[in-house]
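Shown next, in structure tokens, is the structure this report addresses.
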Amino acid sequence: MFLKAYGEIKTRLREVLAQKNWEVDDLKLEEPREIADLATAVAFKISSKTDKKPIEIAKEIENQLNQKTLEYVEKTEATEPGYINFFFSQKQLKNHLNQLIHQKKEIGTIKEDKGNVIVEHTSANPTGPLHIGHLRNAVIGDTLENILEKSGYNTQTQYYLNDMGKQMAILLHGIREYGLGTNKSQDEAIGEIYSKTNSEDHEIDQEEVQDIMQKLENKDKETKRELDQIVDKCYKGIQKSLKQLNIQIDEVIKESKFVFDDSVEEIFQQLKPFIEIDDGAAQIEFDEIDKELVLKREDGTSVYALRDLAYHKWKAQKATNNIDILGSDHKLYSKQLKKTLELIGIKPPETIIFEFVSLPAGEMSTRKGEFISIRELFEEVRKKAYEEVDERRKKPREWKQEVAKEVAIAAIRYDFIKVAPNKPISFDLEKAVSFKKQGAPFIQYSHARASNILQKSGKDKTKIQAINDPVINDLVKHISRFSYVIQKSAEKRKPHLFAEYLFELASKFNQFYRDKTVLDSEQPKRQNRLAVVELTKKALKEGIQTLGFEAPKEM
RNA sequence: GGGUCUGUGGCCUAGUGGAUAAGGCUCCAGCCUCCUAAGCUGGUGAUCGCGGGUUCAAAUCCCGUCAGGCCCGCCA
């Protein structure tokens with residue numbers, strides 16, 4: 001309803017401004033908490049172009065606005081020094097809320113066809129297990145996908161799996177030398193060998209590495225098969241780590257695909273007019289970027305960039321929107337990639353760059369074997385969650401384990417998603433394990449409380465009758481913003497906005513929970529409050545699932 | 001050195017042109033005979049790194065400066 005009201009006000013405001021001949025290119029509505037539902041400061045902008053005071057203009061606009069009744073707006077006002085405030089229709093709000101309680105489809109889903117979008121995320125090299133740096137990538141990607149899906153996109157996630165090039169050649173060389181044991185998790189075993197191969201006490205046989213690279217480039221089936229075995233094993237471990245946190249990749253695309261089906265060569269030919277040869281290497285130079293992009297080495301083998309270009313060309317044909325989630329170390333490269341695609345008329349991807357996750361001790365490195373793996377993190381958090389559940393509820397062990405698992409997944413994911421991507425994170429395991437209030441368990445707990453009331457309520461009719469009580473009004477109004485926040489979060493590609501919204505919802509429900517007795521209250525109130533609880537529970541559950549974790553009924 | 005991102009109460013984070021800068025942690029004072037206290041209420045605490053500028057209006061835009069991260073590979 002919030003979304004509809006927003007649209008209605010904006011449209012009407014545009015009409016009025018056009019009538020008055022006041023052109024404003026950037027018409028934006030604000031949400032001034034406590035003051036009004038929506039507001040605009042458009043009068044200030046107009047004022048600077050005319051000789052009228054903002055408040056006079058605001059009053060004129062407000063007058064004109066009210067020439068036509070608005071469906072979702074009950075009251076407007078022009079206030080000093082020149083804002084126009086909008087207050088929503090309580091009747092419409094109530095209707096809307098009652099619809100939400102009874103509708104089949106989930107709360108917040110926007111019925112619109114916004115086209116296909118591929119979200120490429122994580123895409124870590126199969127040279128070891130995923131660590132918490134990759135986790136930030138995975139959580140942002142997966143959550144964004146859920147939010148986009150809810151806002152009307154048809155989404156797919158892809159993992160671009162590197163199985164070509166120098167790094168992989170080095171890995172294969174290392175495995176040939178040390179062999180791959182079978183006793184432990186394969187991604188971990190591979191990670192150990194990879195870091196051993198790169199360590200200072202080991203000398204890399206450059207000739208062999210060169211040979212492997214050449215063979216792969218020339219589509220040598222035997223070498224490909226040998227490497228495939230390793231890559232597949234490692235990816236299996238990666239996939240398991242992701243699954244642990246409720247992250248599912250829809251499609252895995254191997255880099256070699258584009259060499260083997262000749263699309264790398266095809267795009268290379270397409271780029272020919274822009275390519276320059278420097279010391280035998282084929283590269284592209286840019287006017288606006290200071291650094292050239294190498295596509296092929298002196299020996300004719302392709303570099304990652306060229307294969308990635310072929311991948312992006314392929315993706316551009318499959319979806320209208322492509323979003324890549326990348327670490328900030330890829331910033332320069334992604335700029336080059338986009339420019340290069342534009343040269344040959346291919347729509348470049350959008351990129352969401354996230355800053356690094358560091359440990360209190362310093363940086364993580366797969367090559368050096370310094371990192372906290374997702375597995376370790378998950379185990380730690382789950383252990384802690386189990387202690388917490390165990391302390392509070394007398395229940396069977398399996399039940400406590402299940403809840404602990406759900407809480408752990410939620411706590412980890414929420415911790416990463418609530419921070420805007422462009423902020424660097426210093427990851428402290430101690431702090432991550434101690435459940436802070438501003439985290440997922442708090443939200444899950446609110447849902448459990450709501451569920452508990454409903455479970456004990458029996459069969460009472462669910463219809464919201466009165467929403468004039470301030471505590472209730474605050475809560476239900478917040479729920480009415482659900483699809484609006486989904487929309488905003490999706491269009492701005494900012495999943496943390498939704499994470500914050502959901503925390504506020506939980507917080508508002510807890511205030512309601514304290515102030516308003518539900519089960520033991522007198523009848524018109526009981527039914528009304530019960531309906532509010534049901535609606536809140538629905539919204540919390542839907543929001544929790546959108547963030548990629550579960551909402552236990554009890555915890 | 002060049003590019004880029006970040007800098008908000010003791011700590012973590014939101015807000016990136018609009019009305020008193022919003023939360024959480026910590027600390028202090030309260031609230032379980034009453035639907036799950038993983039909760040709630042109140043309080044202490046901020047010249048938004050620093051200095052200029054633009055604007056009716058700046059945490060937000062511009063310039064400079066300091067501090068930290070990342071990048072500047074024929075790696076990915």
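No hydrogens, no waters, no symmetry mates; every other heavy atom, side chains included, goes into these values.
In this structure, A:Leu497 reaches the sugar-phosphate backbone alone: every heavy-atom distance under 4.0 Å involves primed, P, OP1 or OP2 atoms, never a base. Using a 4.0 Å heavy-atom criterion, one finds that A:Ala39 contacts the bases of the nucleic acid, with or without backbone contacts as well. No engagement by A:Lys49 is indicated, since no non-hydrogen atom pair under 4.0 Å with the nucleic acid exists. Within the nucleic acid shown, A:Val389 comes within 4.0 Å of at least one base atom, counting heavy atoms only. Looking at heavy-atom distances under 4.0 Å, A:Thr79 makes contact with a base. At a threshold of 4.0 angstrom between heavy atoms, the contacts of A:Asp308 with the nucleic acid are absent. Using a 4.0 Å heavy-atom cutoff across all strands shown, A:Lys45 reaches at least one base atom of the nucleic acid. Using a 4.0 Å heavy-atom distance criterion, A:Lys516 is classed as a base contact. A:Gln444 comes within contact range of no nucleotide atom at all, as no heavy-atom separation falls under 4.0 Å. Within the 4.0 angstrom heavy-atom criterion, no nucleotide atom of any strand lies near A:Arg529. Using a 4.0 Å heavy-atom distance criterion, A:Val518 is classed as a base contact. Counting non-hydrogen atoms under 4.0 angstrom, A:Arg33 reaches the backbone sugars and phosphates but no base. Contact annotation for A:Glu500: backbone-only contact, meaning every heavy-atom pair under 4.0 Å involves sugar-phosphate atoms and none involves a base. Within the nucleic acid shown, A:Glu554 comes within 4.0 Å of at least one base atom, counting heavy atoms only.
Checked against B:rA38, B:rA76, B:rC40, the side chain of A:Pro441 finds its nearest nucleotide in B:rA38. Listed nucleotides B:rG23, B:rC35, B:rA19 differ in distance to A:Tyr513; the shortest reach to its side chain belongs to B:rC35. The side chain of A:Tyr304 sits closest to B:rA76 out of B:rG39, B:rA38, B:rA76.
Counting only heavy atoms from C-beta outward, the side chains of A:Asn125 and A:Tyr194 never approach each other to under 4.5 Å.
Cation-pi contact between A:Arg307 and A:Phe258: absent, since separation from the ring centre below 6.0 Å together with deviation from the ring axis within 45° is not met.
By the salt bridge (charged side-chain N to carboxylate O under 4.0 Å, His left out) test, A:Asp390 is found to be paired with A:Lys400, residues two or more places apart in sequence or in another chain being considered. Shown here are the salt bridge (charged side-chain N to carboxylate O under 4.0 Å, His left out) partners of A:Glu380, two or more places apart in sequence or in another chain: A:Lys383.
Here, B:rA22 and B:rG30 have their C1' atoms 24 Å apart, quoted to the whole Å. Nucleotides B:rC12 and B:rG7 have their C1' atoms positioned 14 Å apart, rounded to a whole Å. On the C1' atoms, B:rG53 is 43 Å away from B:rG42, given to the nearest whole Å.
As rounded to whole Å, 16 Å separates atom C1' of B:rC74 from atom CD of A:Glu276. Atoms OH (A:Tyr414) and P (B:rG24) sit 12 Å apart, rounded to a whole Å. To the nearest angstrom, P of B:rA21 lies 11 Å from CD1 of A:Ile35. Rounded to whole Å, the distance from CG on A:Asp390 to P on B:rA38 is 14 Å. Going from atom CD of A:Gln438 over to atom C1' of B:rC11 covers 13 Å, rounded to whole Å. One interatomic measurement links the two molecules: CZ of A:Phe44 to P of B:rA58, which rounds to 12 Å at whole-angstrom precision. For the pair A:Glu292 CD and B:rG2 P, the computed distance is 19 Å after rounding to whole Å.
Here A:Tyr83 lies parallel enough and close enough to stack on the base of B:rA19, with planes under 30° and ring centres under 5.5 Å apart.
A donor N or O paired with an acceptor N or O is not found under 3.5 Å between the base of B:rA37 and the side-chain atoms of A:Asn510. Within 3.5 Å, a donor on the side chain of A:Gln167 pairs with an acceptor on the base of B:rC75, or the reverse.
Of the two residues near RNA chain B, A:Asn162 and A:Ser48, the one whose nearest nucleotide lies more 5' is A:Ser48.
Base orientation for B:rC32: syn, the chi torsion being within 90° of 0.
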Any protein N or O atoms within reach of nucleotides 28-33 of chain B? Criterion: under 3.5 Å, listing atom names and distances.
none

Can you name the atoms? Protein N/O to nucleotides 7-9 of chain B N/O, anything below 3.5 Å, with the distance.
{"from": "B:rG7", "atom 1": "OP1", "to": "A:Lys423", "atom 2": "NZ", "distance (Å)": "3.0"}

Output a table of nitrogen or oxygen pairs between the protein and nucleotides 68-72 of chain B separated by less than 3.5 Å.
{"from": "B:rG69", "atom 1": "N2", "to": "A:Glu355", "atom 2": "OE1", "distance (Å)": "3.4"}
{"from": "B:rC70", "atom 1": "O2'", "to": "A:Ser328", "atom 2": "O", "distance (Å)": "3.2"}
{"from": "B:rC70", "atom 1": "O2'", "to": "A:Ser328", "atom 2": "OG", "distance (Å)": "3.4"}
{"from": "B:rC70", "atom 1": "O2'", "to": "A:Asp329", "atom 2": "N", "distance (Å)": "3.3"}
{"from": "B:rC72", "atom 1": "O3'", "to": "A:Lys291", "atom 2": "NZ", "distance (Å)": "3.4"}

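Checked options A:Arg136, A:Lys423, A:Lys331; the residue passing with A:Glu355 is A:Lys331 (criterion: salt bridge (charged side-chain N to carboxylate O under 4.0 Å, His left out)).
Between A:Lys296 and A:Glu265 there is a salt bridge, with a side-chain nitrogen of the basic residue lying less than 4.0 Å from a carboxylate oxygen of the acidic one.
Remark: RNA chain B takes part in the stems B:1-7 with B:66-72, B:10-13 with B:22-25, B:27-31 with B:39-43, B:49-53 with B:61-65, each of 3 or more antiparallel Watson-Crick or G-U pairs, criterion distances under 3.5 Å.
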